[in-house]
Amino acid sequence: MDLKTNYMGLELKNPIIIGSSSLTNSVESIKKMVANNAGAIVLKSLFEEQIINEINKPENFNLYSYPESIDYIKHYTREHNISNYLKLIGDSKKAVDIPVIASINCVSDKEWTAFAKRIEDAGADALELNISILPSDFNKSSEENEKIYFNIIEKVKSEISIPISIKMTRYSAGLSQLIQKLCWTKKVDGFVLFNRYYNPDIDIEKMKVISSNVFSTPDEIYVSLRWIALLSNNVECDFAATTGIHDGAGVIKQILAGAKAVQIVSSIYKNGPEYISTILNEIEKWMKNKNFNSLNDFRGKMSSKKSEHTADFERIQFMKYFDGIQ
Ligand SMILES: Cc1cc2nc3c(=O)[nH]c(=O)nc-3n(C[C@H](O)[C@H](O)[C@H](O)COP(=O)(O)O)c2cc1C
């Protein structure tokens with residue numbers, strides 16, 4: 001079976017990308033993913049917040065009160081963080097022969113955008129931008145929130161020429177148009193739908209805010225499945241699906257919807273890296289039964305332009321299903 005796929009111009013031997021997480025935070029762990037047949041990896045994110053917080057650590061300012069030291073500390077903390085990350089990129093590239101995608105988690109177009117060049121120079125095959133904007137600020141219009149995406153892309157693209165993907169949030173009122181317009185800039189090569197955020201929960205006994213599950217469940221696949229099906233054939237960029245993909249069936253569904261690749265994290269934490277091969281075997285078995293020889297034979301078959309099911313992906317009311325349930 002031919003499981004090869006081209007994602008943002010990168011040749012992957014199969015569509016399984018291990019998503020950004022501590023599974024991809026060290027060369028040791030990355031090697032394990034590769035030994036078990038991962039198609040590509042996205043490195044753990046460098047957080048814009050993390051850099052800014054480190055630069056502004058109050059204890060540093062107390063220890064060194066004169067301006068030169070403050071400058072030095074700022075420079076050092078910035079350099080230290082970045083150099084660790086750049087080393088991880090370089091070392092991973094030397095250790096494995098699959099695409100290594102760097103990742104930055106960002107909320108603004110501030111100073112981190114200049115780091116992008118060094119990420120490219122360190123050898124990353126692509127850069128994934130996890131733009132994490134929760135539109136919860138009453139003083140910010142949706143246009144203002146969306147403008148941040150364009151500003152970030154503009155600045156980062158002026159620094160680098162490797163492919164760029166945006167790991168999207170689903171919290172956008174005009175999601176289809178936002179993605180289409182970002183694609184039209186010709187500065188974005190791919191979209192990752194959707195990032196799974198930290199979700200606060202409430203403990204009703206202690207009346208405290210607690211964290212909900214860190215790991216996804218297979219039921220969470222449906223949000224990205226709908227949007228990949230709706231967008232993949234209408235937007236001329238590549239799509240990778242993430243969140244809730246836990247088995248071969250999940251990967252097949254996303255490819256039928258039009259995904260070029262999938263990113264998997266929770267099920268690898270739960271089942272170990274060996275599980276990558278199990279998923280690949282499930283895909284091959286299904287392809288054999290259906291007489292498909294390559295992913296191209298069935299990619300996008302159920303996407304909104306190609307199937308008669310567009311209305312099913314657009315429907316959000318249960319209607320007749322509610323009617324039948326007593
Ligand atoms: C422990 C853990 C750490 C993660 N760290 C990051 C990160 O640094 N950057 C990022 O973009 N996503 C991060 N993610 C999100 C994953 O890359 C992925 O998008 C999400 O878990 C959904 O995929 P899944 O359903 O297969 O888990 C993390 C997820 C987990 C569980």
Side-chain angles (χ1 to χ4, degrees), residues 7 15-26 29-30 33 36 38-51 53 81-82 84-85 88-89 92 99-107 112 115-116 119 124 126-134 149 152 156 164-171 190-201 211-228 239-255 259 261-273 275-276 278-280 282:
Y7 173 56
I16 298 185
I17 301 174
I18 303 304
S20 180
S21 60
S22 39
L23 296 171
T24 56
N25 206 15
S26 71
S29 179
I30 291 167
M33 302 303 148
N36 286 284
I41 55 116
V42 183
L43 295 175
K44 173 88 180 138
S45 300
L46 187 64
F47 285 79
E48 174 192 333
E49 253 175 341
Q50 166 196 348
I51 299 162
N53 281 347
N81 246 310
I82 295 158
N84 281 351
Y85 200 72
L88 178 63
I89 297 172
S92 314
V100 171
I101 303 172
S103 165
I104 297 185
N105 192 317
C106 53
V107 291
W112 68 267
F115 306 156
I119 281 176
L127 176 60
E128 182 173 287
L129 299 175
N130 180 347
I131 305 182
S132 306
I133 298 167
L134 187 75
Y149 286 76
I152 291 174
V156 173
I164 297 177
S165 59
I166 306 183
K167 194 174 192 184
M168 295 291 298
T169 162
R170 61 176 123 142
Y171 303 117
F191 292 95
V192 183
L193 308 188
F194 291 103
N195 191 26
R196 183 174 188 271
Y197 289 111
Y198 160 80
N199 288 310
D201 191 6
S211 166
S212 64
N213 289 336
V214 174
F215 297 125
S216 69
T217 62
D219 262 4
E220 294 178 46
I221 195 175
Y222 303 112
V223 180
S224 62
L225 190 64
R226 178 199 294 271
W227 286 99
I228 300 259
F239 286 87
T242 186
T243 297
I245 302 161
H246 283 242
D247 52 19
V251 179
I252 294 163
K253 286 178 193 183
Q254 295 287 10
I255 292 170
V262 299
Q263 294 189 3
I264 301 186
V265 171
S266 293
S267 65
I268 306 303
Y269 272 111
K270 285 184 191 161
N271 303 302
Y275 192 61
I276 302 169
T278 307
I279 298 177
L280 290 171
E282 287 170 5

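Both ligands and their constituent atoms are indexed starting at 1 by order of listing.
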Problem set entry | Test side-chain contact (heavy atoms from CB on, under 4.5 Å) applied to Tyr85 and Phe115, step by step | CA-CA 11 Å; Tyr85 200 72; Phe115 306 156; over 6 Å; no

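Protein residues with any heavy atom under 4.0 Å from ligand 1: Gly19, Ser20, Ser21, Lys44, Ser45, Phe47, Asn130, Lys167, Asn195, Arg196, Val214, Phe215, Ser216, Thr242, Thr243, Gly244, Ile264, Val265, Ser266, Tyr269.
Using modelled atom types, no side-chain atom of Ser103 and backbone atom of Val42 make a donor-acceptor pair closer than 3.5 Å. Judged by distance alone, the side chain of Ser45 and the main-chain N or O of Ile104 form no donor-acceptor pair under 3.5 Å. Side-chain atoms of Glu220 come within 3.5 Å of backbone atoms of Thr217 as a donor-acceptor pair (strictly under, hydrogens ignored).
Checked options Thr169, Val107, Ile152; the residue passing with Ile131 is Ile152 (criterion: side chain to side chain contact (heavy atoms under 4.5 Å, CB included)).
Ring orientation note: the planes of Phe215 and Tyr269 are tilted relative to one another, at an angle of 30° to 60°.
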